[in-house]
Amino acid sequence: MSSPRDTVRDAWDLLGQVPDPELPTVSVVDLGIAREVAVDGQRVVVTITPTYSGCPAMREIEHDVRAALAGRFAVVEVRIVLSPPWTTDWITPQGRARLTRSGIAPPGVRLLPLLTGDRPAACPRCGSATVEELSGFGSTACKALWRCLACREPFDYVKAH
Amino acid sequence: MGDHEVEALLRVADSCLVLAQRLTGWCGHAPALEEDIALANVALDVLGQARGLLTRAGELEAAGRDEDALAYLRDAPDFRNLLLVEQPNGDFAHTMLRQFLFDAWAVELWPELASSTDPVIAGIAGKAAKEAAYHLRHSAGWVERLGDGTDESHRRMLASLEDLWPYAGEAFLDDDVDRAAAEAGLAPLPSSLLAGWRARVEAVLTESTLPVPPDPWWQRGGRQGRHTEQLTRLLAEMQVVHRAYPGARW
Ligand SMILES: [Zn+2]
């Protein structure tokens, strides 16, 4: 028999192996999408939160979370909660390191005034801070396209949100 | 929950839905790949906002209509969107100015809706507020670049402004539906958003070397279901598959 604390840890471990469909080098735990786990016997309730209103991956994430936990728990319930809204501040240090290792700059410093933006701290490839925005919108809702002026490589940037 | 509250919710939801449909018209046609992707991204966000609000409107209405029934099975007179968003895309300048006028309204509206007495609406709005701020940064940037750009881009921005300005003020006209929704704490009174919108729009237009037009007689009626013929054409395209194959599933 495993203790309740063990089963909660099991659930988190399994969730940690669920990749984000659009950023597959990080998990839904790394991104802060999986918010809460509650275990009651053989029943687990996972609370997840959408990143952007238009994120088309939400249904897939829900499906993947179910599939990952189904072998360990008899009943898997996935709850979607909107509030408080997801923020990139919830990306874990491990998530940020994994993003950088896969060539994606993690969210940088957010500048407050409405019409100014945020910027990546450094190029994920060479570490140079001399970077410029190519486009505020990228291949997925959460990313922008930037370029490094030192190594000249373009890179994806997870926008501070 | 009274009819007035559902009605007030549809006014925002339909404005988002119709704008999303307009924006998707650019997919594969924008002047540069980056802008093609940007417009598609904005459309997705706005569509997501519409879906959340339509679902909630259906729940509050309690007549068994889900987001699909509301989006695909209503006719033009049942839509409650602003006339602004049903205006055709025109050229890129026209689309960006329409987006800017909308975004400048959205950044005033969503933070207020985030403190709605309805927790679901508040949750949707809390996310949407952040998205709208990002969209505004993009659209305002283009209004400035094109307004203060070449003679040709300035001319096109000016023509778009003349065309769209009469539709810009409808969002701030109160009626009984709005007053009931505000009374219930569901949504802010439209007129309460005007000062913030005006300050931002005037600042950006001035920065763009574009004139701030005098207030015209604002075109109105969209929020009460009286639309231009543009909406009918838009809906015909948006709804055709759903209506041709009722109940079809992927
Ligand atoms: Zn570099």
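Quick note on labels: first sequence line is chain A, next is B, and so on, each numbered from 1.
- In the displayed structure, B:Glu237 atom CD is contacted under 6.0 Å by at most 12 heavy atoms of other residues, nucleotides or ligands.
- Of the listed residues B:Val42, B:Asp45, B:Val46, the one with more heavy-atom pairs under 4.5 angstrom with chain A than any other is B:Asp45.
- Between A:Trp86 and A:Tyr52, the ring planes lie tilted relative to each other; the angle falls in the 30° to 60° range.
- For the set A:Gly138, A:Cys55, A:Pro84, the count of heavy-atom pairs under 4.5 angstrom toward chain B peaks at A:Gly138.
- For B:Ile124, the parts lying near chain A are the backbone and the side chain together; criterion is any non-hydrogen pair under 4.5 Å.
- Among the candidates B:Arg51, B:Glu131, B:His138, the residue making the largest number of heavy-atom pairs closer than 4.5 Å to chain A is B:Glu131.
- B:Trp142 and B:Glu35 share a donor-acceptor pair across their side chains, judged by distance under 3.5 Å alone.
- Under a cut-off of 6.0 angstrom, the local environment of CD in B:Glu207 is sparse, with at most 12 non-hydrogen atoms contributed by other residues, nucleotides or ligands.
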